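Here is the structure we will look at, set down as structure tokens.
Note: hydrogens, waters and symmetry copies are ignored here, and every other heavy atom, side chains too, is used. Since the model is a prediction, treat every value here as computed from it, not as a measurement.
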Amino acid sequence: KAGAAGRSGCLCRLLPEAVGDAQAMQDHQSAYDGFSIAGLAAELLSGDLDGGINAAVECCDRWAGDPDRIAIHWIGKDFAEESVTFAALREQSSRFANLLRARGIGKGDVVGGLLPRIPELFVVALGAWRIGAVYQPLFTAFGPAAIESRVTAAGGSQAKLIVTDAANLPKLEGVAGCPPALVVDRGSPGQGTFAAALAAQSPDCDPVPLRGEDPIVALEKARDAATDPAARASLDGAAKLVRTLGVEKTLALARFKPK
């Protein structure tokens with residue numbers, strides 16, 4: 001909402017404190033050498049990468065105890081605004097998770113999201129993670145050929161379901177072997193099935209614990225489908241990426257609160 005100017009203003013408020021604290025930090029090489037995935041996980045996560053963890057719990061449920069705590073403040077293209085609490089996200093993603101189970105989708109299966117930046121996108125991702133499934137984000141600028149390459153072609157994700165909206169649904173008609181689609185009906189009353197399908201499901205769904213190496217996201221990338229299968233990102237893969245890029249200071253700075 002604030003745009004570039006607003007972001008710059010936020011950065012200016014953050015920098016004085018961040019820079020002051022950064023002077024007391026270790027040098028980059030020391031931070032890199034002392035970095036531990038296990039230590040970072042113990043500091044930031046409620047679950048255990050070895051004993052059991054669920055991304056929906058880490059990203060949503062652990063914050064849902066306060067029924068008024070806001071997770072998303074969304075502004076649509078028409079500037080309509082909507083706030084979504086963590087509690088509401090937990091309920092809706094649990095309903096979606098139960099819907100997936102009712103369709104025979106479970107741990108390790110892929111669920112695609114061909115969606116614009118709307119709150120339902122988070123419901124889909126969190127619902128998939130809740131049951132141990134893999135979420136595949138599909139860019140809404142993709143045409144049928146690009147979607148087919150990433151989903152149904154050899155080396156594609158072989159997603160069991162794609163959630164989309166009315167604007168993007170026609171693209172799936174040109175995808176060979178396309179899996180079933182569930183349509184989000186935001187702004188198009190009567191055209192979609194997503195809200196009605198969720199309303200028919202229980203709001204309670206126990207999260208499936210995963211290990212750190214289990215995949216949670218199927219990544220999009222330009223590739224030769226015949227020789228380069230879709231990449232899968234795991235829970236501990238993000239922590240490994242942190243160490244590879246050497247951005248420990250960035251993580252530390254991100255924890256500082258602006259005055």
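The closest side-chain heavy-atom distance from Lys160 to Arg103 is not below 4.5 Å. Residues Leu182 and Leu99 form a side-chain contact, since some pair of their non-hydrogen atoms from C-beta on lies under 4.5 Å apart. Side chains of Lys77 and Pro116 form no contact here, defined as non-hydrogen atoms less than 4.5 Å apart. Phe96 has its side chain out of reach of Ile131: every pair of non-hydrogen atoms, C-beta onward, lies at least 4.5 Å apart.
Asn168 places no side-chain N or O within donor-acceptor distance of the main-chain N or O of Asp165, the cut-off being under 3.5 Å. Panel note: side chain Asn98, backbone Arg95; no donor-acceptor pair is recorded below 3.5 Å.
Considering every non-hydrogen atom in both Ala153 and Gln158, the closest pair reads O-NE2, 3.0 Å. Closest of all the heavy-atom pairs between Leu161 and Pro180 is CD1-O, 3.3 Å. The heavy-atom pair separating Tyr135 from Gly112 by the smallest distance is CE1-C, 4.4 Å. In this structure, Ile216 and Trp129 approach most closely via the heavy-atom pair O-NE1, 2.7 Å.
Considering CD of Glu148 and CG of Leu172, their distance stands at 11.0 Å, rounded to 0.5 Å. Note: Ile75 CD1 to Arg117 CZ = 13.0 Å, rounded to the nearest 0.5 Å.
Each of Asp61, Asn54, Asp206 was evaluated against Arg130; a single residue qualifies, Asp61, per the side chain to side chain donor-acceptor pair (under 3.5 Å) test.
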